[in-house]
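So the structure is just underneath, and the comments pick up after that.
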4 protein chains.
Amino acid sequence: VDVMDARMAVENLPERPADSHKGTYGTCLIAAGSVNYCGAALLAARAAYRMGTGLVRVGVPGSIYDTLAGQLPEATWLILPHTSGVINSEAAKVVWKNLERVNALLIGPGWGLENETKEFLEDLLNLQKGKGNASPLGFVPEEHELKNASRKLPALVIDADGLKLLAQIENWQDKIQTAVLTPHPGEMAVMSGLSIAKIQADREAIAREYAQRWGHVLVLKGAMTIVANPAGEVAIIPMATSALATAGTGDVLAGMITGLIAQGLEPYTAAKTAAWLHARAGIKAARQLGSEASVMAGDVIAQLPQVLNEISS
Amino acid sequence: VDVMDARMAVENLPERPADSHKGTYGTCLIAAGSVNYCGAALLAARAAYRMGTGLVRVGVPGSIYDTLAGQLPEATWLILPHTSGVINSEAAKVVWKNLERVNALLIGPGWGLENETKEFLEDLLNLQKGKGNASPLGFVPEEHELKNASRKLPALVIDADGLKLLAQIENWQDKIQTAVLTPHPGEMAVMSGLSIAKIQADREAIAREYAQRWGHVLVLKGAMTIVANPAGEVAIIPMATSALATAGTGDVLAGMITGLIAQGLEPYTAAKTAAWLHARAGIKAARQLGSEASVMAGDVIAQLPQVLNEISS
Amino acid sequence: VDVMDARMAVENLPERPADSHKGTYGTCLIAAGSVNYCGAALLAARAAYRMGTGLVRVGVPGSIYDTLAGQLPEATWLILPHTSGVINSEAAKVVWKNLERVNALLIGPGWGLENETKEFLEDLLNLQKGKGNASPLGFVPEEHELKNASRKLPALVIDADGLKLLAQIENWQDKIQTAVLTPHPGEMAVMSGLSIAKIQADREAIAREYAQRWGHVLVLKGAMTIVANPAGEVAIIPMATSALATAGTGDVLAGMITGLIAQGLEPYTAAKTAAWLHARAGIKAARQLGSEASVMAGDVIAQLPQVLNEISS
Amino acid sequence: VDVMDARMAVENLPERPADSHKGTYGTCLIAAGSVNYCGAALLAARAAYRMGTGLVRVGVPGSIYDTLAGQLPEATWLILPHTSGVINSEAAKVVWKNLERVNALLIGPGWGLENETKEFLEDLLNLQKGKGNASPLGFVPEEHELKNASRKLPALVIDADGLKLLAQIENWQDKIQTAVLTPHPGEMAVMSGLSIAKIQADREAIAREYAQRWGHVLVLKGAMTIVANPAGEVAIIPMATSALATAGTGDVLAGMITGLIAQGLEPYTAAKTAAWLHARAGIKAARQLGSEASVMAGDVIAQLPQVLNEISS
């Protein structure tokens, strides 16, 4: 078991040559949010930028565009088809049509658990093989408009409600390339069928076992977050703080991981590096504010530049 | 009479164990706002987060969602049915359908005094016993969709226009479990039938009397805020500052109390602790800005982390 | 001629007794903004709050409510009837219906010069005597709904496009109670029929003459702002800075004057005090930012608390 | 070749006399943004203000007004006709109708590449000679409403997608007065037909050649930005930093150049001065945040006042 530390984190971070441009640092797409959980998209996107991503695109249900888009002028936006404010299956082809140059795709934050969004997830995955069950209507692109050759999703990060919906899809493990899954213990329980108590009783072993069984990188969140990969490697983040025990910090972590993958990090490396930086930023936010209780997710993002500074000097 | 001080406040605050998660710190629901008073929802919600609440849900009339939701990405949102921008009776069942895991419910800030919202309040209370007068339409859940067994509202905090509307309901005292009521002298006059002069002439005695008579925790706001409970206990907040004499500071206090109850504090303890922290934050905001006149409600919220810091060290 | 200084400014400021409440510091209503000039309402409202006003209500054309209201949660809002995004004559009765407890009314910032808004201004003034030419439709209150007894507008501050439209109304001088008019030299030229060159050649004499002729307090803006009243008194603000030569600083000054009148200052006193504080805040903003060129109107507002602090100590 | 330095930059900056007003510092119009790239308009506008422009007008597709306008209260706004969120040809006359007092016009940021917007660009240019192909509908002004005498666009800055669309117009070089074109190497490749590799192999020579061939000021962005004018003069910005390798920094630079031209700088002088200040602000933002990776475009704008301060002292 690797115990992550500052030196490891800094060694994993991408180089920043002086003669680089935004294309050097990749593009990520974040398909997130719903009418009830709209802020998740903002938190994840801002976190991806603070990690150095060159361009962050945010795909949201059209009905929440107005309240969000002006809040983050550095982002570009994709309007996703929706039903009553939740992403619906028509959105799958819209995402597929906009994957050019996308190096990492984050799905799940703020989705909710509506059936329409589950259909979106199914279609998103099925279109990899050209056999989606989407029935395009209106402005949605037709199947033949999608590029046909070797359609493959970019590196995936799946978080939050995306995990719960994924668990409802039979053999989901085999329908995606190596992805990063970021469950907290409650979501891990839904995915694995184990009880939360059982998961928490041996977090390291459970994470290792399921990363191997499912063939994906697993980030088992909580105090002392565990990151495991399909090859059996496991890293532990040796920090625990109540500063992160507040809504939205999971969206922040998911955005950070996605942003690092977009810059070329291998998914397991990105996940353990982001998880370490995230924990440190939570602790730092509490120190800077003066209170662990008062930390909000946005405060964690705001500390990322200084965390990067500290570990580099 | 207890005279609140820093030591008492800090002793009342919830523990923050390192291995906690957002569920540890509860969920509150804030049903607030209207087209004319939309900001109240934001102020109360942000204040609840700064007090350490794990998750803050904000229920607002659908027509003000667009202007508000992007301003607080850490919150989750509930769209409430409305008539011309004020919450209407259809909203009662929407709230009831979303009370799962809600540990504290704040009602009243920014409501306005329209009849439609009074009906909402009546239905909200009546549904406790399954005999509401709501006539569900459209997307509003049917009566049978609501859980039937022992329907009970979570701990209530009632503020502002919610108090004035409550006073119009016959025997309102008996229709709610022990709640926290937070009137300023003008609202106390409407509720009690006494003149403001009479209330101000003996704030402590009046607060004690009505807390006992009504059977609820009473926060009589103003210089030297008085907090009283049905058992006859009374606490005084020994601070007075014109820094808090500005619109929206009441919404901040209501959010703070609700946030502490969501974390497990007993209502009377939450009310007197929040009132003390709120007064101290007002004084601190004036010092930090350099002027009592210039303090705005948002400045008070911004000081909460440092107030928590000061009293803990 | 009075040369305003820090001591005079501080002496004019309202007392802030510790046992005060928001009602102690008055209410102002700001009827401002249009689709092309929406930010004026925000700048004026925030400035009024920073001067200590207890409650600031903002009336805007309904079509710009969504983009503005969430930006200033401390304000309360009034939806004004509009035609294509500019205030129209139907709005006059809406304003009249909402003047209860309003101690000062600001009109003009961000209005534009459309004929519909001119009609609003005419009707607003005419309703003082019960002979408006408004033809109420839809939700607009009927004439008989307005209180009939001695209808009088609160203390008025008129700025920007409001001045240009006012100049189009015959005998406007006699249709309003003593108001504060805040023209820059270009607006003064429109109002007086003089050339800008002539006005600038003897600012003090012109301001004195027209304040007396028109019977209103006149704030002739620009380097060395002149404030004159109908009694022939004149004050000069002995400051000039390019930091204030940027869009929106006029809205800030208008909000400050209105906010001081709402707190009980006599209009002439409020105008000269606000003008002095405003100039000082502009200079201070440039110092704090490091550049006069970079100062934006919002930066001037942000310096008001420290300006109040400096002169009080 | 001039190597730009702090002394040159400061000498080029406009004087700021104490008795100036906002008219002294010009007006610029920024026609920018689309549903997918809405933030570009905000970034460019804020940057123009921070450079000292007296008034910044922002023209955006009507559908993105709500999400943007409240974010920058100092700006004034122009609603542009649009098709599905992108500027369409009807907007050309709206822009022409609003050019009075506009000293500099920025086009291109955030446009996207839709055909409707290409038609807008063509009509905007064609109306210079009175032979546009616009077919006005609805509220769009008729041809005869436009002033006929010597219709000439103000000084132009063309950026981003505006450059790619421009390249599709035959003989575009001759259809505009001397403009500032701000391509990055990818856009320069589209415009020139050269490969990116060839452009990057000899940036200085390429920039000089094409500035002369096209007859426009050329800003070839990237590490060591090159600025060239039609007379064969070339300036190099001797700075390279990955802090600027992030989305939106190009919008910031375009707004800065436009803002300096609005204040009376000659286009070539404005371009090289802005490019130098922009590079320095990027470096400064990284130092202030502690990390080059974390810099976002808004951080660069925030450093402009201090950059101006440093070089002036």
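Values reported hereafter were calculated over all heavy atoms of this structure, with side chains retained and with hydrogens, waters and symmetry mates removed. The chains referred to below are lettered A, B, ... by the order of the sequence lines, with proteins before strands, and numbering in each begins at 1.
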Under 4.5 Å from a heavy atom of chain C, the part of [X] involved:
{"X": "Q200(B)", "value": "neither"}
{"X": "E292(B)", "value": "both"}
{"X": "T249(B)", "value": "neither"}
{"X": "L289(B)", "value": "both"}

Task: T241(B) (side chain) donor-acceptor with A18(C) (main chain) under 3.5 angstrom - done: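 Answer holds: no.
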Which residue out of [options] racks up the most heavy-atom pairs below 4.5 Å with chain B?
{"options": "S312(C), P17(C), P305(C)", "answer": "P305(C)"}
{"options": "G54(C), G259(C), A75(C), P14(C)", "answer": "G54(C)"}
{"options": "G23(C), G52(C), A69(C), G70(C)", "answer": "G70(C)"}

Open item on the list: Set out, in order, the CA-CA distance, both residues' side-chain angles and the distance that settles side chain to side chain contact (heavy atoms under 4.5 Å, CB included) for H21(C) and H184(B), then state yes or no.
Closed with: CA-CA 9 Å; H21(C) 55 92; H184(B) 59 54; over 6 Å; no
- [ ] Apply the side-chain contact (heavy atoms from CB on, under 4.5 Å) test between P73(C) and each candidate in L43(B), D251(B), I301(B); give the one that qualifies.
- [x]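 Only one of L43(B), D251(B), I301(B) forms a side-chain contact (heavy atoms from CB on, under 4.5 Å) with P73(C), namely L43(B).
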Open item on the list: Between S291(B), G33(B), A286(B), G248(B), who has the most heavy-atom pairs with chain C when the cutoff is under 4.5 Å?
Closed with: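 Among the listed options, the one with the most contacts to chain C is S291(B).
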TODO: Using a cut-off of under 4.5 Å on heavy-atom pairs, state which of A223(B), A240(B), G110(B) scores highest against chain C.
DONE: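 Highest number of heavy-atom pairs under 4.5 Å: A240(B).
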Less than 4.5 Å to any heavy atom of chain B: does that hold for the side chain of [X], its backbone, both, or neither?
{"X": "Y25(C)", "answer": "side chain"}
{"X": "S20(C)", "answer": "both"}
{"X": "L13(C)", "answer": "neither"}

- [ ] Under the side chain to side chain contact (heavy atoms under 4.5 Å, CB included) rule, what do I79(C) and V35(B) come out as? Steps first, then yes or no, please.
- [x] CA-CA 8 Å; I79(C) 303 289; V35(B) 61; 3.8 Å; yes
